[in-house]
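Accompanying notes for the structure given below.
Treat the numbers as computed from the prediction; the structure is a model and nothing was measured.
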Amino acid sequence: MISRELAVFAYLPGEVSDVPAGLLTLSEEGPISIGASFVYGTRYLARPNAIEIDPVSLSLKKKDELVGAELHPASGLLLFGAIRDAAPDAWGRRVIEAKRKVPLNSLPESEYLLAAGSNRVGAIDVRSDINSPATHGLLSDIHSLEYLIEAAQRIEEGQPIPARLETFFDAGTALGGARPKATLRDEHGKLWIAKFPSKSDGYNIPLVETATLRLAQLAGIRVPELQDPIVLANGTHVMLIERFDRVGAANTMTRRHFISALTLLGCPEADSPRKNYVDIADAIRKFGAAPMLAHNLKELFSRMVFNILVTNDDDHLRNHGMLWVPQHHAWELSPLYDVVPKPTLATERFLHLGIGQQGRLATLNNALSWYARFGLTRDGAIEAIKDVWSIVREWKGRFEEFGVSGSEIDKISSAFRHARDIGGREIGLF
Ligand SMILES: Nc1ncnc2c1ncn2[C@@H]1O[C@H](COP(=O)(O)OP(=O)(O)OP(=O)(O)O)[C@@H](O)[C@H]1O
Ligand SMILES: [Mg+2]
């Protein structure tokens with residue numbers, strides 16, 4: 001077993017550069033993780049605006065007890081949730097492996113973690129030691145998209161990356177998720193995530209994901225800024241979504257700390273399918289900023305209803321996120337991301353997360369069953385369902401306005417459900 005000590009840095013609210021936050025020790029046997037510990041730096045603890053790296057395992061509520069204390073991940077996790085969120089996920093790992101020319105999942109976690117670079121999600125960075133500088137690399141701009149897509153396709157196909165495409169390694173490793181993507185910088189220095197098509201897609205996902213997020217926005221859900229998808233000369237569409245974990249642009253850009261709901265719930269990834277939306281609601285009650293609480297719980301409810309109506313069954317715990325609110329020393333629900341309709345012929349459908357008394361069954365009466373856990377009255381919950389349904393029912397016209405072609409609409413049509421067919425009558429919608 002090898003113990004590897006790494007330095008964790010934090011971008012404090014409103015600051016453009018980071019400060020050392022503490023030392024992370026990872027115990028590893030090759031690619032197998034054995035455990036982790038963390039010690040906050042004494043100077044970091046003395047900072048009034050210090051952010052907690054992880055609310056569950058590295059809380060700053062009792063700062064006095066933390067000086068010199070060796071902290072371990074809660075619930076026997078092998079890594080702190082927030083550090084896991086700042087590490088590359090499936091896609092980033094493939095990019096790093098392509099760069100190093102090593103087999104799938106063959107590197108120790110510490111190597112993946114370091115290789116993600118300083119453009120990683122949230123307001124923390126992980127580097128080899130306290131003196132190592134941030135590695136922002138060469139972020140590509142929109143004009144490099146053709147190259148980035150070519151590199152992404154090669155990575156998906158397991159082909160080598162020629163030298164002329166190597167800039168992709170700086171843009172492609174930093175973010176989580178499994179689909180091909182890269183961070184781009186626009187002409188003002190603002191950061192965007194570019195999401196590309198993948199070789200196994202059955203329809204135009206960049207175009208449809210953009211339209212679906214815009215539909216959610218019309219339904220009153222908070223969505224990051226989106227650009228119209230870019231269409232390359234060969235007809236490839238690319239989705240462009242603003243990075244909500246960055247504020248401002250270029251030299252004045254600051255960061256907001258981000259964690260997934262997986263981290264908020266302090267559980268291993270394998271537990272995600274056994275968790276419910278109300279588990280997230282309870283965790284928001286515990287760690288959320290009080291002034292935003294009622295609004296966040298209601299919005300979580302609306303997101304669940306939206307996912308039911310569009311059959312977004314990839315609603316796992318990493319697809320819900322939280323951002324740090326410095327004024328309140330607490331967390332709030334992040335804007336919505338990664339919502340994609342899933343066409344299917346099944347009449348009985350399930351989301352990934354539990355919805356209500358009938359488990360993961362994707363119906364509106366099931367969604368209503370635990371309304372009080374979202375801080376809603378029964379009438380308030382029905383109103384919220386009505387608000388979302390009144391927008392989703394018009395999805396075809398909206399998608400046409402958003403530039404989705406008739407043939408793409410046909411391909412995804414089976415994903416969209418009529419409220420009448422999924423319990424709308426029972427809860428008094430009709
Ligand atoms: N707009 C955004 N701003 C900042 N971070 C984001 C944004 N959208 C997504 N992320 C972060 O990047 C990760 C990957 O993004 P996303 O979930 O969209 O990708 P994906 O590859 O489609 O994921 P999955 O593997 O769930 O299909 C998210 O889990 C989240 O941590
Ligand atoms: Mg995702």
Side-chain angles (χ1 to χ4, degrees), residues 212-223 261 264-265 275-313 315 317 319-322 325 328 330-337 339 341 347-398 415-430:
T212 308
L213 288 171
R214 286 187 166 154
L215 193 71
Q217 189 167 36
L218 293 175
I221 294 170
R222 263 181 325 126
V223 170
L264 197 71
L265 265 59
K275 297 293 178 186
N276 303 304
Y277 278 89
V278 293
D279 292 325
I280 305 181
D282 290 347
I284 293 180
R285 269 207 188 81
K286 188 164 174 197
F287 299 111
M292 283 98 162
L293 195 60
H295 192 269
N296 278 187
L297 293 180
K298 179 174 181 229
E299 181 155 336
L300 180 68
F301 182 80
S302 299
R303 292 181 187 195
M304 174 176 80
V305 170
F306 188 83
N307 287 338
I308 293 172
L309 287 167
V310 308
T311 314
N312 171 39
D313 65 359
D315 55 330
L317 286 177
N319 278 340
H320 300 274
M322 304 291 291
V325 190
H328 303 302
W331 300 85
E332 67 169 337
L333 201 58
S334 79
L336 188 72
Y337 57 91
V339 175
T347 45
E348 194 179 57
R349 302 186 189 174
F350 300 89
L351 296 192
H352 173 99
L353 292 176
I355 293 168
Q357 270 165 7
Q358 292 169 284
R360 297 161 45 243
L361 186 66
T363 62
L364 297 177
N365 37 349
N366 195 23
L368 186 62
S369 63
W370 283 343
Y371 63 86
R373 304 273 297 273
F374 295 90
L376 297 169
T377 60
R378 191 166 190 281
D379 285 351
I382 292 173
E383 244 356 87
I385 294 175
K386 270 189 192 156
D387 288 346
V388 178
W389 165 238
S390 69
I391 295 298
V392 177
R393 67 182 306 169
E394 297 173 350
W395 75 273
K396 275 192 188 168
R398 296 293 184 180
F416 290 81
R417 314 195 79 185
H418 198 290
R420 197 183 41 227
D421 303 332
I422 50 170
R425 208 181 295 278
E426 287 89 316
I427 62 169
L429 286 195
F430 302 100

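Closest non-hydrogen pair, Leu297 versus Ala281, comes out as CD2-O, 3.6 Å. Summarising the geometry of Ala419 relative to Leu429, their closest heavy-atom pair is CB-CD1, 4.0 Å, with the distance given to 0.1 Å. Contact between Val388 and Ala219 at its shortest, heavy atoms only, is CA-CB, 4.2 Å. The shortest non-hydrogen separation linking Ala381 to Leu368 is CB-CD1, 3.5 Å. When all heavy atoms of Ala367 and Val305 are compared, the pair lying nearest together is CB-CG2, 4.3 Å. Closest non-hydrogen pair, Ile308 versus Thr363, comes out as CD1-O, 3.7 Å.
For His418, the NE2 atom sits in a packed shell: over 12 heavy atoms of surrounding residues, nucleotides or ligands are nearer than 6.0 Å. Other residues, nucleotides and ligands place no more than 12 heavy atoms under 6.0 Å from the NZ atom of Lys298.
The CG atom of Asn312 sits 13.5 Å away from the CE atom of Met304 when rounded to the nearest 0.5 Å. Between Arg349 atom CZ and Thr311 atom OG1 the span is 4.0 Å, to the nearest 0.5 Å. Within the model, atoms CG of Leu351 and CG of Asp315 stand 4.5 Å from one another, a figure rounded to the nearest 0.5 Å. Rounded to the nearest 0.5 Å, atoms CD1 (Ile391) and CZ (Arg214) are 15.0 Å apart. With values rounded to the nearest 0.5 angstrom, Tyr277 atom OH is found 15.0 Å from Asp282 atom CG. Atom CZ of Arg285 sits about 9.0 Å away from atom CZ of Phe374, to the nearest 0.5 Å.
A donor atom on one side chain and an acceptor atom on the other are not found under 3.5 Å apart for Thr377 and Asp379.
For the pair Ile385/Phe301, a side-chain contact is recorded, criterion being any heavy-atom separation below 4.5 Å from C-beta on. Between Phe350 and Asp313, the closest side-chain pair of non-hydrogen atoms is not below 4.5 Å. No side-chain heavy atom of Leu264 sits less than 4.5 Å from a side-chain heavy atom of Leu317.
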Problem - Worked verdict on Val339 versus Leu213 for side-chain contact (heavy atoms from CB on, under 4.5 Å) - result: CA-CA 7 Å; Val339 175; Leu213 288 171; 4.2 Å; yes
Exercise for the section: List the steps and the verdict of side-chain contact (heavy atoms from CB on, under 4.5 Å) for Arg303 and Leu333. Expected result: CA-CA 11 Å; Arg303 292 181 187 195; Leu333 201 58; 3.7 Å; yes
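The residue from Ile280, Leu336, Ile284 that alone fulfils the side chain to side chain contact (heavy atoms under 4.5 Å, CB included) condition with His320 is Ile280.
The main-chain N or O of Ala362 is found under 3.5 Å from a side-chain atom of Arg417 such that the two form a donor-acceptor pair. Checked by atom type and distance alone, the side chain of Arg360 never pairs as donor or acceptor with a backbone atom of Asn276 at under 3.5 Å. At least one donor-acceptor pair under 3.5 Å links the side chain of Asn366 to the backbone N or O of Gln357. Between the side chain of Glu332 and the main chain of Val325, no donor-acceptor pair closer than 3.5 Å is present.
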